[in-house]
Amino acid sequence: MSEQTPSTPPRTAATVSRRRFLQASAAAGGGLLIGVALRGREHVAMAATRAEAGFSPNAFIRIDRAGDVTLIMHKVEMGQGTYTAMPMLIAEELEVDLDKVRLEHAPANDDLYAEPLFGVQETGGSTSVRGNFDLLREAGASARAMLVAAAANGWDVDPTTCHATHGEVVHAASGRRARYGDLVDAAARLPIPDDVVLKQPAQFRLIGTPVARLDGPEKVNGSATFGIDVRPPGLVFAAVCACPVFGGTLGSLDDRRAQAIPGVRQVVRLADAVAVIGEHTWAAQQGLAALDLRWQEGPNARLTTADIFAALTAASTRSGVTARNDGDATGILARSNRKLEAVYEQPFLAHAPMEPVNCTVHVRSDGCDVWVGTQVPTFARTAVANATGLPAERVRIHNHLLGGGFGRRLEIDFIARAAAIAAQVPAPVQVLWSREEDVRQDMYRPAYVDRIAAALDEHDRPAAWSHRIAGSSVVARVGRDLMPKTFKVLRAAGLSGLVSMIRGVDIDAVDGATDLPYDIPNLRVEWVREEPPGIPTAFWRGVGPTRNAFVVESFIDELAAAARQDPVDYRRALLASAPRARAVLDTAARASGWGTPVPRGRGRGVALLRGFGGTHIAQVAEVEVGTDGAVRVQRVVCAVDCGLVINPDLVKAQMEGGIVFGISAVLYGEITLKNGRVEQGNFSDYPILRIDQSPRIEVHLVPSTAPPGGVGEPGTSVIMPAVTNAIFAATGKRIRRLPVKDQLRPV
Amino acid sequence: MITLEINGSAREFAVSPDMPLLWLLRDLARLTGTKFGCGIGLCGACTVHANGEPIRACITPVSAVAGRKLTTIEAVGGTPTGQAVQQAWLELGVVQCGYCQSGQIMSAAALLARNPQPADADIDAAMAGNLCRCGTYDRIRAAIKRAAVRAGSR
């Protein structure tokens, strides 16, 4: 999901946050206070000490009599560092030491834990810090104020003469100190303050510092628990295979050989899939391989990727819904004699997180437990309720660390399938997909065809720009799931997003195309929805801005080349009204040695993006193209202004990771279909970058006092055009179809 | 019945000799730090040590490691290079999602045990079988060098 209200001023965001926070506080402060704590305690991974009368001032904080501080994480940790950044925001105001807090995964609860920018409990779209910057600081400040008031009452002094530090309240004048744990009973009886004063940036002691990741120790010694690692008593293991043609169903099945394999317990039939249950994964996998299976392949049995691209190309010649129309781009282009046109193609992509999708479910007559790593816990609960027929309140979601998300774990297909299997199994069952199943039954980043044109003025600058985007709408599908929560979602989408959606624009698909940093007086962007038959499409790290950055930044490079101008200079001249964009461009150019000679066969390419809630990013990639056409990205320099930085080391890590993720896609990433079946299945034919192919990466943070912007995805967005522009610089060949793969191989 | 020495303890398992070590570790021994990623030895998430050598547990039948000393991520911190690698990983903030990192650390610890001062090319060669979807490679290189310095200074 992407930023939907890029123009929302920070003040509005703060007001929304405050309202939500107070709702949560009111709920937690009344009869639900204990309920919140209990629900959190059900989590299998937490093994909490039971506080008989702990202090739970809101849905994010619990302090017990021993002084142990538990922070409830409503965002999920999938590598992006949110289990460090969110605690930093709370602890900054709560005045506790981060090395002493315990973290707990939040239960599924939209009322308490919805993302302010989307209206549902969700982690994605690079929203966690920018959506919760005020909310979590207020949560910490409110709790701290109550603890200070409790201490002051006990000492009979004015609370303003006391302060909190390192988990204690101190009255400096008398030297008295009280530990938080000794104050929880008194604090729990106090009213939640109506208003709290947050620190000014100059007072921050944690925010802005490179605090080490809180999830580091458990991830280097093997004790971190991902969804795949849960082992409830009596667990059995399932291997699963769905119809390899999308839309097909299970035909005939002979399971006699499978049933004879030692350790195989049961064979479960679903309408479109089959699962073998075993005492361990190996038995289940052997059983699956021994099935004699026939599929009814259905209407997509002859489908190929070429069919889909033919349909997309045709769609790109139709006029679409207008997403933006400044001036008269159409008229100027029609009259221009200095016009450039290009068509860009981007393939289907799989997510391929290192932890293949999996879900463990225990269905009983009275309820159901679900152990999973999910970006959407409340959607997961609904999916399981639908699959099992149980009421949603009887479905408990135990969330876990995610072994990579990238958008895959925004989907609930694998959770629904696991629940449908588990409904037939009299024990907790771990449904684990093989890597091949993970790649072939993914929900893919959609293939797109973009048709773009520009008319140049007398200075060779774009006087008019027309961009038509044709492809699948992920938003339209997800929107159906969001419908029961219409009010909240509509409120979160904001007025401009709402109007666009009503007019039929996919606001994600055009994100990064309509809000260019460049001064282009006549700009037209159109959206044509063209759904591929049968193939499920989904968000993928970088979402809409990543597809559009490839097109826009490639085409700007084409204009610079046509004008015989330097690509950095050409962009710079169009950035008069975007000083932050100019600053990151200049920083990346300077740090990369832009303009200095490179050896033969090498080239530098640049790309720029403004997106994800005000983040500005520029990258320079330096590539080497061998005589055999093989591309090696040698070095990447990244300059990013993401507003106020919570943790500089985490921001750098997200840039590094986003860059490597994008290089895998731009060089190799491609899902293709033949006879309705995905042709790739493992890292042999869906390769991802290895260490010996990985560039040296330098990240420069451009200081900023703007509100925080997103950092999880922008690194992926700009690297793709930076690499292809570098290939153009090295070879003179313009890459308009991804992936690069063997396009540079000599013929 | 097969007897395996895992992390210093001898344990017996009633399994078929062709069962991959990965599933014995994860599902029967309940040592879940060793991860499943690809099932065909392409990603390295399942790397463990057999007599100190890195092996891919997903394609190693248990019969092949009977009588060899197995070490998994849960115990590698007890070895000098394993401890140095884990420490360097923390100091340089290598992990992101963390799922591949058990395998990365096992490969790195085995590299340093046989080559205390690896050059870049040595690191690339030893680590190219360990995939990381989060893209932590640059920090893995730096952390191996940091660990080499620390292990060497002991």
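Letters A, B, ... mirror the listed sequences (proteins, then strands); counts begin at 1. Values below: every heavy atom of this structure, side chains too, minus hydrogens, waters and symmetry copies.
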### Query
Relative to the ring of B:Phe36, is the ring of B:Trp23 parallel (under 30°), tilted (30 to 60°) or perpendicular (over 60°)?
tilted

### Query
Contact part of A:Ser684 toward chain B, heavy-atom cut-off under 4.5 Å: side chain, backbone, both or neither?
both

### Task
With a 4.5 angstrom heavy-atom cut-off, could you sort out which part of B:Leu28 is near chain A: side chain, backbone, both or neither?
side chain

#### Entry: Minimum heavy-atom distance B:Tyr99-A:Pro356, with the two atoms named
OH-CD, 4.1 Å

### Message
Counting only non-hydrogen atoms closer than 4.5 Å, does A:Ala283 touch chain B with its backbone (N, CA, C, O), its side chain (CB onward), both, or neither?
### Response
neither

### Message
Counting heavy-atom pairs closer than 4.5 Å to chain A, which one of B:Gly77, B:Cys97, B:Ala45 comes out on top?
### Response
B:Cys97

### Query
Relative to chain B, which segment of A:Leu432 carries a heavy atom at a distance below 4.5 Å: side chain, backbone, both, or neither?
side chain

### Task
Apply side-chain contact (heavy atoms from CB on, under 4.5 Å) to the pair A:Ile719 and A:Val666, showing each step before the final yes or no.
CA-CA 8 Å; A:Ile719 190 60; A:Val666 72; 5.8 Å; no

### Message
Could you check whether B:Thr136 and B:Gln101, counting side-chain N and O atoms only, form a donor-acceptor pair closer than 3.5 Å?
### Response
yes

### Message
Ignoring hydrogens, what is the shortest heavy-atom contact between B:Ser107 and B:Thr47? Give both atom names and the distance.
### Response
OG-CG2, 3.7 Å

### Plane angle bin for A:His105 and A:Tyr83 - parallel if under 30°, tilted between 30 and 60°, otherwise perpendicular
tilted

### Message
Between A:Gln285 and chain B, with a heavy-atom cut-off of 4.5 Å, which part of the residue counts as in contact: side chain, backbone, both or neither?
### Response
side chain

### Task
Give the member of A:Glu218, A:Met354, A:Glu77, A:His280 that has the highest number of heavy-atom pairs under 4.5 Å with chain B.
A:Met354

### Task
Sort A:Ala653 into side chain, backbone, both or neither according to what part of it lies under 4.5 angstrom from a heavy atom of chain B.
both

### Task
Against chain A, label B:Arg26 side chain, backbone, both or neither, depending on which of its atoms sit under 4.5 Å from a heavy atom there.
both

### Part of B:Ile105 within contact of chain A (heavy atom distance under 4.5 Å)
side chain

### Summary
Pair count under 4.5 Å, heavy atoms only, with chain A: among B:Leu42, B:Leu90, B:Leu131, highest is B:Leu131

### Message
Side chains of B:Thr72 and B:Asn7 only: does a donor on one sit below 3.5 Å from an acceptor on the other?
### Response
yes

### Query
Which one, B:Glu74, B:Met19, B:Met127, leads in non-hydrogen pairs under 4.5 Å with chain A?
B:Met19

#### Entry: Short N-O contact, A:Glu279 and A:Arg265, less than 4.0 angstrom
yes

### Query
Do the charged groups of A:Asp692 and A:Arg690 touch, with an N to O distance under 4.0 Å?
no

### Task
Go through the atoms of A:Leu402 and report whether side chain, backbone, both or neither lie under 4.5 Å from a heavy atom of chain B.
backbone

### Message
Given heavy-atom pairs under 4.5 angstrom as the criterion, report whether the side chain, backbone, both or neither of B:Asp120 touches chain A.
### Response
side chain

### Message
Taking side chain as everything from C-beta outward and backbone as N, CA, C, O, which of these in A:Arg231 sits under 4.5 Å from a heavy atom of chain B? Side chain, backbone, both or neither.
### Response
both

#### Entry: Interchain contact, A:Pro210 with chain B, by part (heavy-atom threshold 4.5 Å)
neither

## Note on the structure
Scored by heavy-atom pairs under 4.5 Å with chain B, the best of A:Val660, A:Val220, A:Ile691, A:Val439 is A:Ile691

#### Entry: Charged N-O contact under 4.0 Å between B:Arg139 and A:Asp649
yes

#### Entry: Residue pair A:Val372 / A:Phe414, side-chain heavy-atom distance below 4.5 Å
yes

### Query
Would you say the side chains of B:Arg11 and B:Thr3 form a donor-acceptor pair under 3.5 Å?
no

### Query
Given the options B:Gly33, B:Gly129, B:Gly37, B:Ala75, which has more heavy-atom pairs under 4.5 Å with chain A than any of the others?
B:Gly37

### Largest heavy-atom contact set with chain B, pairs under 4.5 Å, which of A:Lys652, A:Gln430, A:His351, A:Arg541
A:His351

### Task
Could you tell me which portion of A:Phe237 (side chain, backbone, both or neither) has an atom closer than 4.5 angstrom to a non-hydrogen atom of chain B?
side chain

#### Entry: Atom group of A:Met78 that falls short of 4.5 Å from chain B, counting heavy atoms
backbone

### Message
Is there a side-chain contact (heavy atoms from CB on, under 4.5 Å) between A:Arg696 and B:Arg141? Walk through the geometry before answering.
### Response
CA-CA 10 Å; A:Arg696 264 51 178 185; B:Arg141 284 193 195 105; 3.0 Å; yes

